[in-house]
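In each ligand, atom 1 is the first atom listed, and ligand 1 is the first ligand listed.
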Amino acid sequence: MGLLKDLESKILIADGAMGTLLYSYGTDCCFEQLNLSHPEQIQSIHQAYIQAGANVIQTNTYSANYIKLQRYGLEEQVKELNSAAVSLAKKAAGGHAYVLGTIGGIRGTGPSSLSLEEIKRSFREQLYCLLLEGVDGLLLETFYDLEELEAVLKIARSQTDLPIISQISLQEVGILNDRTPVNTAIKRLEELGSDIVGLNCRLGPFHMIKTLEEVEIPKHAFLSAYPNASLPSYVDGKFQYEGDAEYFKNSASLFRNQGVRLLGGCCGTTPAHIEAFATELDGLSPVTKKDVRRRPEPIAVAPSGQKPQISLPKILQERRSVIVELDPPRKLDTTRFFEGAKALKEAGADAITLADNSLASPRICNTSLSSLAKAQTGTQAIVHLACRDRNIIGLQSHLMGLHTLGLHDILAITGDPAKVGDFPGASSVYDVTSIELIKMIKQFNEGISLSGKDLGEKTHFTVGAAFNPNVKALDRAVQRAEKKIEAGADYFISQPVYSEEKLVQFHEAVKDLPVPVYVGIMPLTSSRNADFLHYEVPGIKLSDEVRSRMAEFKDDPLAAAREGLAISKSLIDAATELFNGIYLITPFMRYELTVELTKYAYNIAPKNVRRIQNV
Ligand SMILES: Cc1cc2nc3c(=O)[nH]c(=O)nc-3n(C[C@H](O)[C@H](O)[C@H](O)COP(=O)(O)OP(=O)(O)OC[C@H]3O[C@@H](n4cnc5c(N)ncnc54)[C@H](O)[C@@H]3O)c2cc1C
Ligand code: MET
Ligand SMILES: [Zn+2]
């Protein structure tokens, strides 16, 4: 007797959801905490599943690791919560059902910055607690990330000979988030020594069976499936699942036909669903042969989006390039904006850049204006894209829209937080930071969405990233830049620099980076403007000389603007000795200033070329 021995000749039925069942009862605390605070509740759920026909149950430990328990301040209780869970499940099983120690995946559906080392640490701790209490097997479930599952499976396999079940979760039929076909992933888990391999959560029976049609029956492992009851719906502020056990009854034989030998339920399932599986498959032997549907090769489709205009990082390798930030207006009159776009194009700017609600204050949508500017004047536009205002659904939709409009230049930024802007109470989404956004965009360039879905064609985005040289520790800024390069950044655009000394330090810090930099220069418009930047904008310091030059024209706005231009010109003189890329920032829609500076920058003869940033 033993779980694996039984599976050689039988189909076993596993239990269904624990978490969503508790949630449906109105539980709103940490579910694992109930192992200690309300043990009778957990035990009665186990018993209900056993009564429904489950031969295999799992401990209430899905999130009982320090990383997830941290959310509730329970990270010190990993041992107690796991121990209690095992003893409750064992008591309920009373020797009539196998008890699996459950460990849930940590990396979710979006990009995660949690290191594998930290995940492994947390996994080891929970693993030892479960093994110490004596379970009949381990259930590694709800892993969206194959790298994570492989890493923890290796650890578990090296620590125990007990049966191990490894279950992947999918967002798309047949394919993991990283594009690995599910059949390949299952084979890899089998090779790493998993005794049972399969799928759980996220998909309901329909999509899970469709996925299993692409999966071969493993030679040295058994197949498992724990489908969700349905897709969730959101009613009256609560997630609900359609609870039709009759539907599960009809699906049972379809799972069997796919070679599944351990069949249970995940989110939204109840003892009624498990009973449906158990009665329907009672006495039936496992299927050992089936036809496997081959995954179709992705079809290469000719791209429909227009091809990019000039490649800015390429230009920077060859010659000087000036780009100019011309921000969307805060009000609805766009006259000055389009005049500016036209004038800058005529002045020779290689592109204009349009901020995305910078300083977290609403402006006209930069994509609309970029598209119109491109259509009206042929201007190449760099669209800033901030992670603050869009979740990963909105970001992806936006990327597809940019591609469709033929806007291929993006500046990927995390974005100023909402609290600095006009609506400090608004939420800052930040599902991802600039680094993960850059990765996402580069994945789109491979024709693949964040969930691994085939986009049907490849995008052609060139991705810029932000660099702030106005920080105390430039070396840390460079380290962050290196991460952005690793993620796929093609070039950098910097915050404005206001002193020649800073330009030299900046150049020294980035000269060996493998991608080019556009160095920021923003003309000062008045003495007050200079003081504001110096005193109020974090990281920006103007030299005493610059501030006193501006202060001289305190009462003469025209003369002050002229002085601001003169200062910018000397900064451009210094900058063009060090960098090929000049990024001019138009202050307060005064594009005449940046038009003049664009012409000025192009008219400076190339100087000591050897010192130019090495790219
Ligand atoms: C060229 C340019 C254009 C911009 N356009 C916009 C815009 O359109 N809309 C908008 O809202 N904002 C814009 N910003 C502002 C920008 O979003 C913020 O300045 C941001 O904090 C830094 O850039 P990032 O978004 O790439 O953040 P990231 O570099 O991704 O930084 C994200 C987080 O990491 C932290 N961090 C950054 N650098 C370091 C470091 N060296 N060490 C440790 N932690 C660090 C930051 O505090 C921040 O919380 C722009 C900035 C630049 C330089
Ligand atoms: C989020 S997937 C399901 C986790 C666990 N098996 C439960 O039912 O609570
Ligand atoms: Zn689930």
Can you name the atoms of ligand 1, numbered from 1 with element, that are less than 4.0 Å from a heavy atom of [X]?
X	result
A477	41 (N)
I413	5 (N), 6 (C), 7 (C), 8 (O), 9 (N), 10 (C), 12 (N), 13 (C), 25 (O), 26 (O)
Q495	19 (O), 51 (C), 53 (C)
A355	8 (O)
L411	1 (C), 2 (C), 3 (C)
H384	3 (C), 4 (C), 5 (N), 6 (C), 7 (C), 8 (O)
G415	10 (C), 11 (O), 12 (N), 17 (O), 25 (O)
A466	23 (O), 26 (O), 52 (C), 53 (C)

*Check whether any side-chain heavy atom of I209 lies under 4.5 Å from a side-chain heavy atom of S251, and answer yes or no.*
yes
*asked:* With heavy-atom distances below 4.5 Å as the criterion, would you say the side chains of L524 and L542 are in contact?
replied: yes
Side chain, backbone, both or neither: which applies to [X] and ligand 1 if a contact is any heavy-atom pair less than 4.0 Å apart?
X	answer
R480	side chain
Q479	neither
R388	side chain

*Would you tell me which option among R476, E325, K484 has the nearest heavy-atom contact to atom 44 (N) of ligand 1?*
R476
_Of the listed options E141, R202, M18, closest to atom 5 (C) of ligand 2 (non-hydrogen atoms)_ = E141
*Heavy atoms only: give me the nearest L369-P328 pair and the separation to one decimal.*
CD1-CB, 3.5 Å
*If every non-hydrogen atom of A412 is compared with every non-hydrogen atom of I438, which pair is closest and at what distance?*
CB-CG1, 3.7 Å
*State whether F467 and K484 meet the cation-pi test: NZ (Lys) or CZ (Arg) under 6.0 Å from the six-membered ring centroid, and within 45° of the perpendicular axis.*
no
*Taking only residues two or more places apart in sequence, or in another chain, which ones meet D244 in a salt bridge (Lys or Arg N to Asp or Glu O under 4.0 Å)?*
none
*Parallel, tilted or perpendicular: which fits the ring planes of F461 and H408, with parallel below 30° and perpendicular above 60°?*
tilted
*Just say parallel, tilted or perpendicular for the rings of F506 and F579, cut-offs at 30° and 60°.*
tilted
*Return the residue, atom name and 0.1 Å-rounded distance of the protein heavy atom closest to atom 9 (O) of ligand 2.*
G19 N, 2.7 Å
*Under 3.5 Å: N/O of D416 near N/O of ligand 1*: yes
_Is it the case that ligand 2 has an N or O less than 3.5 angstrom from some N or O of C266?_
no
*For C267, is at least one N or O under 3.5 Å away from an N or O on ligand 2?*
no
_For the Zn ion (ligand 3), every protein N/O/S atom that sits closer than 2.8 Å, waters excluded_ = C201 SG, C266 SG, C267 SG
*Start with the C-alpha distance between T102 and Q58, add both sets of side-chain angles, then the distance that settles side chain to side chain donor-acceptor pair (under 3.5 Å), and finish with yes or no.*
CA-CA 6 Å; T102 292; Q58 57 172 299; 2.6 Å; yes
*Check L153, L140, L138, I165 against S194 for a side chain to side chain contact (heavy atoms under 4.5 Å, CB included) and give me the one that passes.*
L153
*Would you say T102 touches ligand 2, if touching means a heavy atom closer than 4.0 Å?*
no
*For N35 and I42, indicate whether the former's side chain and the latter's backbone hold a donor-acceptor pair under 3.5 Å.*
no
